[in-house]
Amino acid sequence: MSGANLETITALAKRRGFVYPTSEIYGGLASSYDYGPLGAELLRNVRNLWWRELIHKRQDMVGLDSQILLHPETWVASGHVASFTDPLVEDKVTHKRYRADHLIETWLAAHPGEADVVVEDLNISDMAAFLAEHGVCSPEGHEVTAPKAFNILFETAVGVVEGEKSKVYLRGETAQGIFTNFRQILDSSRVRLPFGVGQLGKSFRNEITTGQFVFRTLEFEQAEIEYFFDPEQSDWQELFQMWQDTMWQFVTGTLGISVENLRWRRHTDRERSHYSRETYDLDYQFPFGFKELWGIAYRTDYDLQAHIAHSGRRLEYVDPQTGRRVVPHVIEPALGINRVFLMLLCDAYWEDEANQRTVLRLKPSIAPYKTAVFPLLKNKPELVEKARTIFNHLLDHMTVTWDDRGNIGKRYYYQDEIGTPFCVTVDFDTLADDTVTVRDRDTAVQQRVAIDHLLTYLQERIII
Ligand code: GAP
């Protein structure tokens, strides 16, 4: 972690237009955020990089864009209606609700060495026993009720006539849309096992615990892959390792995240979901500790078999060479885009004490704007015109922002805080020799660069 606390990151995000509390004019909505102009750009960059690296660049991957509202039977088959639950407790005085496992985690952190438990291993009755034995209270210091399983699937209804509405669910994961389309993808494209289907999109969960900014929200975006294979032809452990390597490369290489802030955590046998034979989380060290960024699970053929049983359809792959029929197994790397977003802000945040500035040291390919262009003075038309020409030319190649407010120092300060890697200033020398000043965000070093070479100079350093 960069050393920044969550309040600092939240304040910067709001101040500079990355993230706002949603519908704030009405007092906001718990665990719900809007992404401002810069946040929208940053999210787009993350999505585009994920799609490019994990779908476009791979011959064994295709994309999908399925609905948020699926046939409700989907969620019965997948097990979500029965068991997509969190352990809910209620403060007996304030009636505020909390997750029992989160209260236990907080208690353990405050009482080091006093209890030897792995929170992820506790079931509801273990949690009830722990809360009672240790007198764990709510954050307000009151007694809490015994935990009960609370289903976090979001319910809504299709139809307008009262009494004739039918219950549907906002999807709790994007993965199920991939399984329900499995047969159609096989029939309509040329995929051959092993192959993967990736999808990006919104998911919804009625989360109980709130208050970790965009880390855990009611509505969020997932980037999930179901990688199908024949367990008789492919070794699942090799494929699992291949995907772990790919995830690591994406986070450390493509996104440029510091290795020391990352770790793999293997799920214990008790913690693992019922459908999974192996699960690892790639955790990032957020300001509130190491937490899951990206999960990878070997889901076997659990989901396809469940959909076969519920739909009565044959969801099989027929080997074109041998004619052998197989219900493929899957490995599932499941990423949360909003967690990537928060990780990027935390990892990039840097207080440069020597130069008394705050800098978002985002990798240039991730930064909302790659370059800012300034005329030295905004009341000198010849400077403004020259700067506009440069600005318009760069716009064809990258995201560029224009700034002519205040003095140059203030503009640099602002661009540093939003992570713009290069600032280009058009000054009086430019009019004489067709060069500009290019200032590097991280070093604050300035260089004169010929306008003819400016695009190449920037592209070599940005690598979009
Ligand atoms: N299909 C498997 C699945 O959904 P998950 O671990 O529940 O697995 C995958 O979710 C990823 O989605 C997580 O690693 C996390 O990054 C993100 N995620 C899950 N719940 C979230 C929430 N309430 N807010 C933001 N991101 C969330």
Side-chain angles (χ1 to χ4, degrees), residues 19 22 29-33 35 39 43 46-47 50 64 66 68 70 74-75 77-80 83-86 99 101-102 120 150-154 169-180 196-227 243-244 247 250-251 255 257 262-267 271-284 286 288 290-300 302-304 306 330-344 346:
V19 182
T22 196
L29 182 68
S31 291
S32 302
Y33 294 91
Y35 290 81
L43 281 177
V46 174
R47 289 186 201 112
W50 181 87
L64 179 76
S66 74
I68 285 171
L70 305 178
T74 307
W75 304 104
S78 67
H80 284 77
S83 58
F84 195 40
T85 58
D86 277 341
R99 257 174 69 169
D101 53 336
H102 290 174
E120 290 81 6
F150 173 78
N151 194 298
I152 59 171
L153 258 190
F154 255 102
Y169 303 98
L170 302 183
R171 68 181 172 200
E173 61 174 14
T174 55
Q176 293 306 321
I178 300 179
F179 294 121
T180 52
V197 181
Q199 124 151 287
L200 262 171
K202 292 279 179 99
S203 290
F204 300 81
R205 296 182 188 177
N206 219 337
E207 298 282 359
I208 303 161
T209 295
T210 56
Q212 287 172 331
F213 195 32
V214 296
F215 179 80
R216 192 183 307 283
T217 48
L218 304 180
E219 173 181 340
F220 56 98
E221 198 169 345
Q222 290 187 308
E224 297 200 284
I225 290 169
E226 301 302 329
Y227 196 75
W243 277 108
Q244 280 192 291
M247 290 158 66
F250 184 78
V251 175
L255 301 180
I257 297 300
L262 295 164
R263 70 165 191 205
W264 286 107
R265 189 181 73 80
R266 184 169 185 243
H267 284 211
E271 173 189 7
R272 224 171 28 239
S273 306
H274 55 287
Y275 54 72
S276 176
R277 199 173 293 173
E278 179 74 288
T279 303
Y280 274 82
D281 288 342
L282 181 53
D283 289 350
Y284 176 75
F286 289 98
F288 38 85
F290 271 105
K291 296 280 175 199
E292 176 184 351
L293 169 80
W294 199 340
I296 174 168
Y298 172 26
R299 281 177 94 125
T300 67
Y302 176 87
D303 298 270
L304 285 181
V330 290
I331 285 168
E332 180 199 63
L335 176 67
I337 295 292
N338 313 81
R339 289 193 187 174
V340 171
F341 180 96
L342 181 58
M343 168 180 74
L344 285 167
C346 294

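For ligands, and for the atoms within them, numbers begin at 1 and follow the listed sequence.
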_What verdict does the side-chain hydrogen bond (donor to acceptor under 3.5 Å, both in side chains) test give for Q199 and T174, after you've listed the backbone C-alpha separation in whole Å, the side-chain angles of each residue and the deciding distance to 0.1 Å?_
CA-CA 7 Å; Q199 124 151 287; T174 55; 4.8 Å; no

*Would Y284 and F286 satisfy ring-ring contact (aromatic ring centres under 6.0 Å, His included), going step by step from the backbone distance to the final call?*
CA-CA 6 Å; Y284 176 75; F286 289 98; 5.0 Å; yes

_Y298: which residues meet the side chain to side chain donor-acceptor pair (under 3.5 Å) condition with it, sequence neighbours left out?_
H329

*Is there a donor-acceptor pair closer than 3.5 Å between any side-chain N or O of R339 and the backbone N or O of E292?*
yes

_Can you tell whether the side chains of E173 and R299 come within less than 4.0 Å, N to carboxylate O?_
yes

Which protein N or O atoms sit under 3.5 Å from any N or O of ligand 1? Give atom names and distances.
{"unit_1": "ligand 1", "atom_1": "1 (N)", "unit_2": "E173", "atom_2": "OE1", "d": "2.6"}
{"unit_1": "ligand 1", "atom_1": "1 (N)", "unit_2": "E224", "atom_2": "OE2", "d": "2.4"}
{"unit_1": "ligand 1", "atom_1": "1 (N)", "unit_2": "R299", "atom_2": "NH1", "d": "3.4"}
{"unit_1": "ligand 1", "atom_1": "1 (N)", "unit_2": "E332", "atom_2": "OE1", "d": "3.4"}
{"unit_1": "ligand 1", "atom_1": "1 (N)", "unit_2": "E332", "atom_2": "OE2", "d": "2.9"}
{"unit_1": "ligand 1", "atom_1": "4 (O)", "unit_2": "R205", "atom_2": "NH2", "d": "2.9"}
{"unit_1": "ligand 1", "atom_1": "4 (O)", "unit_2": "Q222", "atom_2": "NE2", "d": "3.1"}
{"unit_1": "ligand 1", "atom_1": "4 (O)", "unit_2": "E224", "atom_2": "OE2", "d": "3.4"}
{"unit_1": "ligand 1", "atom_1": "6 (O)", "unit_2": "E292", "atom_2": "OE2", "d": "3.0"}
{"unit_1": "ligand 1", "atom_1": "7 (O)", "unit_2": "R205", "atom_2": "NH1", "d": "2.7"}
{"unit_1": "ligand 1", "atom_1": "7 (O)", "unit_2": "R205", "atom_2": "NH2", "d": "3.1"}
{"unit_1": "ligand 1", "atom_1": "10 (O)", "unit_2": "Q222", "atom_2": "NE2", "d": "3.3"}
{"unit_1": "ligand 1", "atom_1": "12 (O)", "unit_2": "Q222", "atom_2": "NE2", "d": "3.3"}
{"unit_1": "ligand 1", "atom_1": "14 (O)", "unit_2": "E292", "atom_2": "OE2", "d": "2.6"}
{"unit_1": "ligand 1", "atom_1": "14 (O)", "unit_2": "L293", "atom_2": "O", "d": "3.3"}
{"unit_1": "ligand 1", "atom_1": "16 (O)", "unit_2": "L293", "atom_2": "O", "d": "2.8"}
{"unit_1": "ligand 1", "atom_1": "16 (O)", "unit_2": "G336", "atom_2": "N", "d": "3.0"}
{"unit_1": "ligand 1", "atom_1": "20 (N)", "unit_2": "R205", "atom_2": "NH1", "d": "3.4"}
{"unit_1": "ligand 1", "atom_1": "23 (N)", "unit_2": "E207", "atom_2": "OE2", "d": "2.8"}
{"unit_1": "ligand 1", "atom_1": "23 (N)", "unit_2": "T217", "atom_2": "O", "d": "2.9"}
{"unit_1": "ligand 1", "atom_1": "24 (N)", "unit_2": "F215", "atom_2": "O", "d": "3.4"}
{"unit_1": "ligand 1", "atom_1": "24 (N)", "unit_2": "T217", "atom_2": "N", "d": "3.0"}

*Does any donor atom in the side chain of Q176 or T74 lie under 3.5 Å from an acceptor atom in the other side chain?*
no

